[in-house]
Protein chains: 2
Amino acid sequence: MDNKEIEQKLESKNVKPTAMRTLVYKTLAETGKALSLADLEQRFEKVERSTIFRALKTFEENFIVHPVDDGSGSVKYAVCDDECTCNIHDLHVHFYCTRCGRTRCMKELPIPNIKLPEGYTYDNAQFIINGVCPRCD
Amino acid sequence: MDNKEIEQKLESKNVKPTAMRTLVYKTLAETGKALSLADLEQRFEKVERSTIFRALKTFEENFIVHPVDDGSGSVKYAVCDDECTCNIHDLHVHFYCTRCGRTRCMKELPIPNIKLPEGYTYDNAQFIINGVCPRCD
DNA sequence: TTAAACTTTGCAATAGTGTTGCACTAACTT
DNA sequence: AAGTTAGTGCAACACTATTGCAAAGTTTAA
């Protein structure tokens, strides 16, 4: 994915494509995995933690990435599909490998429909499966 | 639930029922909700954070409580059913109310069976539903 | 084209959660 | 009762997430 494309992508979601944001997005997109703030920080030492943090927050607010709390202690972020608005229909299962610590979006597995008891309403969900991925098996 | 019962309960799970542990268990059982370390700390100011922390860890290791990471930033703990061994069959959905911040075990809703792609194995899962509970609606 | 206004970035500081080492005390063993 | 083991309290620390502020960069608009 080249920079032009990324810039267009960000603009289409009403986020000004600064150099830092483009870099953060590019890393997330190319890695194809959910990455934490610390993961990103390591990949480009020169960039400030808070800058990355704010980029992620901006992305999150504009449905460019979605957060995944896989229980590893830090929230990770993964790029959304184009049409994603992060509502209940866009949600999918995430797989957390307890060996390598990598988190993968299972976009092919939407979150199953749940019938809650009377009186409960919901608009979001997290479904994390913990196990061992093919690479670690 | 009186102290005798709690002591028996803990003993049946091979945990020595000290005063602190009994207190922590009692609070969790009576509240009937998932509580975080900070929640518990607030309820009895005199007890040390680390003591509660270690009680919870001990409980967790012995399948007396199960952890719930509801995305609120701190892990909560809820009492297990009697026969629970915290394996995949004992898992259930948790409901996190985004208004009041309370987390409830939906024991009546077991985690649905998921067919993962080839090569993945799993032994644990967290399914958190975020929304508004009847009390807050 | 230049000043004002706004946005983004870097830095430093802070709050909160989770966790551990160590010393003291309580409980259990023989 | 002395020795051993387990539990508790305290202090310290690591790490994640987050914010205020000032400097740098960008955009707007006279």
Side-chain angles (χ1 to χ4, degrees), chain A residues 3 6-7 10-11 13-28 34-62 64-78 96 101 103 126 128, chain B residues 3 6-7 10-11 13-28 34-62 64-78 96 101 103 126 128:
Chain A
N3 283 8
I6 293 171
E7 284 161 25
L10 298 185
E11 271 166 354
K13 301 273 190 171
N14 299 310
V15 169
K16 210 193 305 176
T18 66
M20 295 295 98
R21 287 174 183 166
T22 306
L23 180 59
V24 171
Y25 185 93
K26 189 176 194 163
T27 306
L28 284 171
L35 298 179
S36 69
L37 186 50
D39 292 336
L40 287 163
E41 217 180 329
Q42 278 199 308
R43 289 185 199 227
F44 18 87
E45 304 228 340
K46 282 176 281 185
V47 186
E48 247 293 303
R49 193 159 75 255
S50 59
T51 303
I52 306 170
F53 172 75
R54 287 188 265 226
L56 291 171
K57 284 292 165 196
T58 304
F59 289 170
E60 190 183 343
E61 282 160 18
N62 293 280
I64 295 168
V65 303
H66 57 273
V68 189
D69 188 341
D70 60 16
S72 66
S74 50
V75 177
K76 294 180 181 162
Y77 296 86
Y96 175 67
T103 298
Q126 289 267 336
I128 315 291
Chain B
N3 282 8
I6 293 172
E7 284 161 26
L10 297 186
E11 271 165 355
K13 301 272 190 170
N14 300 308
V15 169
K16 209 196 302 178
T18 65
M20 294 293 101
R21 287 173 182 165
T22 305
L23 180 59
V24 171
Y25 185 91
K26 189 176 194 165
T27 306
L28 283 172
L35 298 180
S36 68
L37 184 51
D39 292 335
L40 287 163
E41 217 181 328
Q42 278 199 309
R43 292 188 196 226
F44 17 86
E45 304 228 341
K46 282 177 277 185
V47 185
E48 248 294 304
R49 192 160 75 259
S50 58
T51 303
I52 307 171
F53 172 76
R54 287 188 267 227
L56 291 171
K57 284 291 166 197
T58 304
F59 290 170
E60 189 183 343
E61 283 160 17
N62 293 281
I64 295 168
V65 303
H66 57 274
V68 189
D69 188 341
D70 60 15
S72 65
S74 50
V75 176
K76 295 180 180 162
Y77 296 85
Y96 175 66
T103 298
Q126 289 267 335
I128 315 292

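Side-chain atoms are counted along with the backbone in the values below, which use heavy atoms only and exclude waters and symmetry mates. Note that the structure is predicted; figures quoted are calculated from it, not measured. Note on naming: letters A, B, ... go to the chains in the order of the sequence lines (proteins, then strands), and numbering restarts at 1 for each one.
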Quiz item: When you check the gap from the basic side-chain N to the acidic O, do Lys76(A) and Asp70(A) get nearer than 4.0 Å?
Solution: yes

Quiz item: Which whole-number value in Å describes the distance from Asp69(B) CG to dT16(D) P?
Solution: 14 Å

Quiz item: With respect to Arg21(B), which candidate in Thr51(B), Leu56(B), Leu10(B), Ile6(B) satisfies the side chain to side chain contact (heavy atoms under 4.5 Å, CB included) definition?
Solution: Leu10(B)

Quiz prompt | pair Gln126(B)-Val68(B): side-chain heavy atoms closer than 4.5 Å | solution = yes

Quiz item: Whole-Å distance between dT18(D) P and Leu56(A) CG?
Solution: 11 Å

Exercise. Answer whether the closest heavy-atom distance between the side chains of Tyr77(A) and Val24(A) falls below 4.5 Å.
Key: no

Quiz prompt | Per-nucleotide protein contact string for nucleotides 7-15 of chain D, where B marks a base within reach and S marks sugar-phosphate only (heavy atoms under 4.0 Å, - for neither) | solution = SBBB-B---

Quiz item: To the nearest angstrom, how far is Leu10(B) atom CG from dA6(D) atom P?
Solution: 17 Å

Quiz item: For the helix from dT1(C)-dA30(D) to dT30(C)-dA1(D), what is the angle between the axes at its two ends, each from 5 pairs, rounded to 10°?
Solution: 20°

Quiz item: What is the distance from CG of Asn14(A) to C1' of dT7(C), rounded to the nearest Å?
Solution: 16 Å

Self-check item: Results of side chain to side chain donor-acceptor pair (under 3.5 Å) for Asp69(B) - residues two or more places apart only
Solution: none

Quiz item: Between dA6(D) atom P and Glu61(B) atom CD, what is the distance in whole Å?
Solution: 14 Å

Self-check item: Set of side chain to side chain donor-acceptor pair (under 3.5 Å) partners for Thr18(A), sequence neighbours left out
Solution: none

Quiz item: Within this structure, what is the NZ-to-P distance between Lys57(A) and dT7(C), rounded to whole angstrom?
Solution: 20 Å

Exercise. Find the distance between CG (Leu37(B)) and CD (Gln42(B)) and round it off to the nearest 0.5 Å.
Key: 11.0 Å

Quiz item: What pairs with Arg54(A) under side chain to side chain contact (heavy atoms under 4.5 Å, CB included), at least two apart in sequence or on another chain?
Solution: Ser50(A)

Quiz prompt | Lys57(B): salt bridge (Lys or Arg N to Asp or Glu O under 4.0 Å) partners, not counting sequence neighbours | solution = Glu60(B)

Quiz item: Can you tell me how far C1' of dT19(C) sits from CD1 of Ile52(B), to the nearest Å?
Solution: 14 Å

Exercise. Calculate the interatomic distance between Lys76(B) atom NZ and dG18(C) atom P; express it in whole Å.
Key: 11 Å

